[in-house]
Protein chains: 2
Amino acid sequence: MGVVTKIKPSTALKAGAKKGKAPIIHDLPLGQIIKDDCINAMKQLPDACVDMVFADPPYNLQLGGDLLRPDGSQVDAVDDDWDKFDTFATYDRFTEAWLAEARRILKPGGSLWVIGSYHNIFRVGSTLQDLGYWILNDIVWRKSNPMPNFRGTRFTNAHETLIWAAKDEKAKYTFNYRAMKTLNDELQMRSDWTIPICSGQERLKRNGVKAHPTQKPEALLYRILLATTNKGDVVLDPFFGTGTTGAVAKRLGREWIGCEREQKYIDVATQRIEEALPLDESALKTMQSPRSAPRVAFGQLVETEMLKAGTKLFDKKRKNQVLVRADGSVEGEHGNGSIHKMGAAAQGQSSCNGWTYWHYDDEQTKSMKPIDHMRQNYLLANEA
Amino acid sequence: MGVVTKIKPSTALKAGAKKGKAPIIHDLPLGQIIKDDCINAMKQLPDACVDMVFADPPYNLQLGGDLLRPDGSQVDAVDDDWDKFDTFATYDRFTEAWLAEARRILKPGGSLWVIGSYHNIFRVGSTLQDLGYWILNDIVWRKSNPMPNFRGTRFTNAHETLIWAAKDEKAKYTFNYRAMKTLNDELQMRSDWTIPICSGQERLKRNGVKAHPTQKPEALLYRILLATTNKGDVVLDPFFGTGTTGAVAKRLGREWIGCEREQKYIDVATQRIEEALPLDESALKTMQSPRSAPRVAFGQLVETEMLKAGTKLFDKKRKNQVLVRADGSVEGEHGNGSIHKMGAAAQGQSSCNGWTYWHYDDEQTKSMKPIDHMRQNYLLANEA
DNA sequence: CGTTACTATGAATCGCGGC
DNA sequence: GGCCGCGATTCATAGTAAC
């Protein structure tokens, strides 16, 4: 990238004041960060000038008080002003404004990506449909290491949602099917992607604290850019932050434009992108890793009625017996709990592999089989 | 289930015509399918009468013929660009109408589940937020065996999205945290669920063809009902279809009410639910969270001599030690008080869960166990 | 130097009942 | 409605310290 271009909003507004709008810049600020509100910044760009827009807008989290971990430490929450909106209506107006500008500057064959959580993604999705965008996929980013739900009040929030949309229903968008299939071990790339959150070396810090509260993993952008842009394409990110989009675009030979209001983020992003980022092996591996190995919980066999609640399980010698309950726990004379815990209790040991210890009577073969046998069948039937 | 009750819309409309609305039915039609449009059907139910609503609404935004306006008039078949907005607006009105009725009939502590895909879920999510529902989680159903994208033009659509919402922000909803954790091999249940699509024996057929185009797997409803309802709760499904909700509800000892317009689906569902077998009591028992379990005071363990006064309790590292006193308080170098207070004092923290902090030496297994283990045994021994 | 143990942390809408 | 006390609650990584 070159020097950061700051298109001063004051200048733009002054120049455009006569006609009520800012002048259009026809020489695209490639590899540059426009220091401005993204709506103002995009207004200065001509129609149909970018191939893709990736946007990570504020989520409007509406968090309450403090949250403590069980060990008493405090969770460092997103409490920045830029994430605060008075009402849904205010948020909707903001969303409509930037989505409309983004659509205007998209080339006819361009596409849009937006990431969000349940707090905002339904607003975003509805609005972009209303504006005429045509949704191509919704993609689930499954976090392999999400933050747990510390109070045990809900399901662990373990994913975020992305929407991929074309400019309109008839648009001929870019999708590199072959590249995706290759990336996924010769299987079609699915709409759910398992990628770790951004941490470790990749997480940018200033003075020892995270530079930005919501930095996205490069692996996510890598897959998006590889899938839906071509080399040399222009990618615009209206909420540039620490510049993950720019960094990955540079590495993959795509052109980029960023919009960012806050100087501290611009500084971090500028330095990050200037530093040549060699694709080290481990990073590449993470980015290309296909879905994780399937893990089967005992409860799944109960849910799917492969093993019905109420079934009796035995050890190999039929000395101990337990009853399967609806939630996948088992109950016997030593109490109740997981198959592993109860296997251990039955033997007076501290641990036990319940999958091989407990058996069921197999109707078909008229014989006793370890429940692990059933797990293998489940895997065979559902993960092939 | 008994006989299918058909509350004739004509009767209802006639009877209510004088005052402009249908009469309210105070005797809930439990275990019955109301043959009517779900909006009309729900209007006949009193306020705050059901514990949970599970809805699988239609999302064929383009097929106007299948969609009724809230006022009962038919939607014009549309496929022209100019009418897109009208299509969305019409769908939104329909969505708002049934979601509003669902909210009205929900008890204060009740909750709503809706399933959808990217075609409709953003409309549904926005609308329910606008109506005052409070989203608790969005859940991703990862299909382990989705239909491939034959043309290779997009990512394989391998998931559907569910929204779980409480009636309002302050509502005290039901969440069986312990049961979910047990079901998932002692790890918190995440927001992404891997469940196979409905096929094989489970897929209902008539004359060799599938009875319903979007039959949901029972495993999905099983998890939903186990997680967010209690035994005996009333579950209403406004788009009953082949009655998956009813079949699983019956199996899990929940009451159910269905709404369905088409006789062919009512026939299939009726037969299916009649054949479904309820689980017996012991299999239905699930791991309870201490919150919902009958409260066991530490003193009760001492009273019943499960834990004798004078017993020594340790933290996991045996660094701190306290003595159990006859009144259920404990005494150590930091003074005396409840197990929680002394656990906090021993660690210099403001709070502590004494049940998991303090341990005792278990004679049987010759190992150290948290006193919570003893409480579990107490609960089991005294379970009704 | 290798292995183990401990610590830190991440887009989070994270109690409840009695007075 | 506010305040206060009881008591329930965490998973995967990465980095650092201890052994």
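FYI, side chains are in, hydrogens and waters are out, and symmetry mates aren't considered; it's all heavy atoms of this structure. Protein chains get the first letters and strands the later ones, always in sequence-line order, with residue 1 at the start of each.
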Restricting to nitrogen or oxygen on both sides, can you table the protein-nucleotides 2-5 of chain D pairs closer than 3.5 Å?
none

For the side chain of [X], counting heavy atoms from C-beta on, which of [options] is nearest?
X        : options                : value
B:Leu187 : D:dA12, C:dA12, D:dA8  : D:dA12
B:Asn353 : D:dT13, D:dT9, D:dA8   : D:dT9
A:Gln201 : D:dA8, D:dG15, C:dT13  : D:dG15
A:Val75  : D:dA8, C:dA12, D:dT10  : C:dA12
B:Lys181 : D:dA8, C:dC14, D:dT10  : D:dT10
A:Ser199 : D:dA14, D:dT9, C:dT13  : D:dA14
B:Lys172 : C:dA11, C:dA12, C:dC16 : C:dC16
A:Met147 : C:dT13, C:dG10, D:dT10 : C:dG10

**Message:** Just to be sure I understand: a Watson-Crick pair is purine N1 to pyrimidine N3 plus N6-O4 or O6-N4, both under 3.5 Å. Using that and G-U wobbles, which stems of three or more pairs involve DNA chain C?
**Reply:**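 Result, WC/G-U stems under 3.5 Å: C:2-10 with D:11-19, C:15-19 with D:2-6.
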**Request:** Can you establish whether the number of heavy atoms outside B:Lys312 located under 6.0 Å from its atom NZ is more than 12?
**Result:**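 12 or below, so no.
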**Prompt:** Less than 4.5 Å apart, any side-chain heavy atom of B:Ser111 and any of B:Trp164?
**Reply:**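 Yes; the side chains approach each other to less than 4.5 Å.
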**Request:** Could you tell me the separation between the CG atom of A:Leu379 and the CD atom of A:Gln300, rounded to the nearest 0.5 Å?
**Result:**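 Spacing of CG (A:Leu379) from CD (A:Gln300) equals 9.0 Å.
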Hey, does the side chain of [X] come within less than 4.0 Å of [N]'s phosphate (OP1/OP2), counting only N and O?
X        : N      : result
A:Lys210 : C:dG10 : yes
A:Asn157 : C:dT13 : yes
A:Arg69  : D:dT10 : no
B:Tyr177 : D:dT10 : yes
B:Trp355 : D:dA8  : yes

If the threshold is 4.0 Å, N to carboxylate O, is there a salt bridge linking [X] and [Y]?
X        : Y        : result
B:Arg190 : B:Asp192 : yes
B:Glu186 : B:Arg178 : yes
A:Asp267 : A:Lys264 : no

**Candidates A:Ile121, A:Thr95, A:Asn120, A:Asp83 - the one meeting side-chain contact (heavy atoms from CB on, under 4.5 Å) with A:Pro57** =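 The residue from A:Ile121, A:Thr95, A:Asn120, A:Asp83 that satisfies side-chain contact (heavy atoms from CB on, under 4.5 Å) with A:Pro57 turns out to be A:Asn120.
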**Message:** Name the residue from B:Asn176, B:Asn184, B:Leu183 that meets the side-chain contact (heavy atoms from CB on, under 4.5 Å) definition with B:Met180.
**Reply:**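 Answer to the side-chain contact (heavy atoms from CB on, under 4.5 Å) test with B:Met180 among B:Asn176, B:Asn184, B:Leu183: B:Leu183.
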**Donor-acceptor side-chain pairing of A:Ser117 and A:His119 below 3.5 angstrom** =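 Present: a donor and an acceptor within the cut-off.
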**Asked** Going by atom types only, do B:Tyr357 and B:Asn320 share a side-chain donor-acceptor pair under 3.5 Å?
**Response**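 Side-chain D/A pair, B:Tyr357 to B:Asn320: present.
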**Request:** Return the 5'-most residue of the pair A:Ser73, A:Ala77 with respect to DNA chain C, ranking by each residue's nearest nucleotide.
**Result:**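 It is A:Ser73, whose closest nucleotide lies nearer the 5' terminus.
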**Request:** Could you say whether A:Lys205 or A:His119 is positioned toward the 5' end of DNA chain C, judged by the nucleotide with the nearest heavy atom to each?
**Result:**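 Its nearest nucleotide being more 5', the pick is A:Lys205.
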**Prompt:** Going by heavy atoms closer than 4.0 Å, what residues in residues 60-67 of chain A are next to DNA chain C?
**Reply:**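 Here the set is A:Leu61, A:Gln62, A:Leu63, A:Gly65, A:Leu67.
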[atom1] gap between [N] and [M], integer Å:
N      : M      : atom1 : value
D:dG1  : C:dC16 : C1'   : 15 Å
C:dT13 : D:dA12 : C1'   : 23 Å
C:dG10 : D:dT9  : P     : 25 Å
C:dA11 : D:dC6  : C1'   : 32 Å
D:dA8  : C:dT9  : P     : 28 Å
D:dG7  : C:dC14 : P     : 23 Å

**Base C:dA11 to side chain A:Lys216, donor-acceptor N/O within 3.5 Å cut-off** =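 Such a pair exists between side chain and base.
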**Prompt:** Is the centre of the B:Tyr173 ring less than 6.0 Å from the centre of the B:Trp134 ring?
**Reply:**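 Here the rings of B:Trp134 and B:Tyr173 have centres that are no less than 6.0 Å from each other.
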**Request:** Would you classify D:dT16 as syn or anti? Syn applies when the glycosidic angle is within 90° of 0.
**Result:**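 What D:dT16 shows is an anti base, its glycosidic angle lying more than 90° from 0.
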**Request:** Kindly state whether the pair A:Phe150 / C:dC14 counts as stacked, where counting means centroids closer than 5.5 Å and planes tilted less than 30° apart.
**Result:**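 A:Phe150 vs C:dC14: stacking no.
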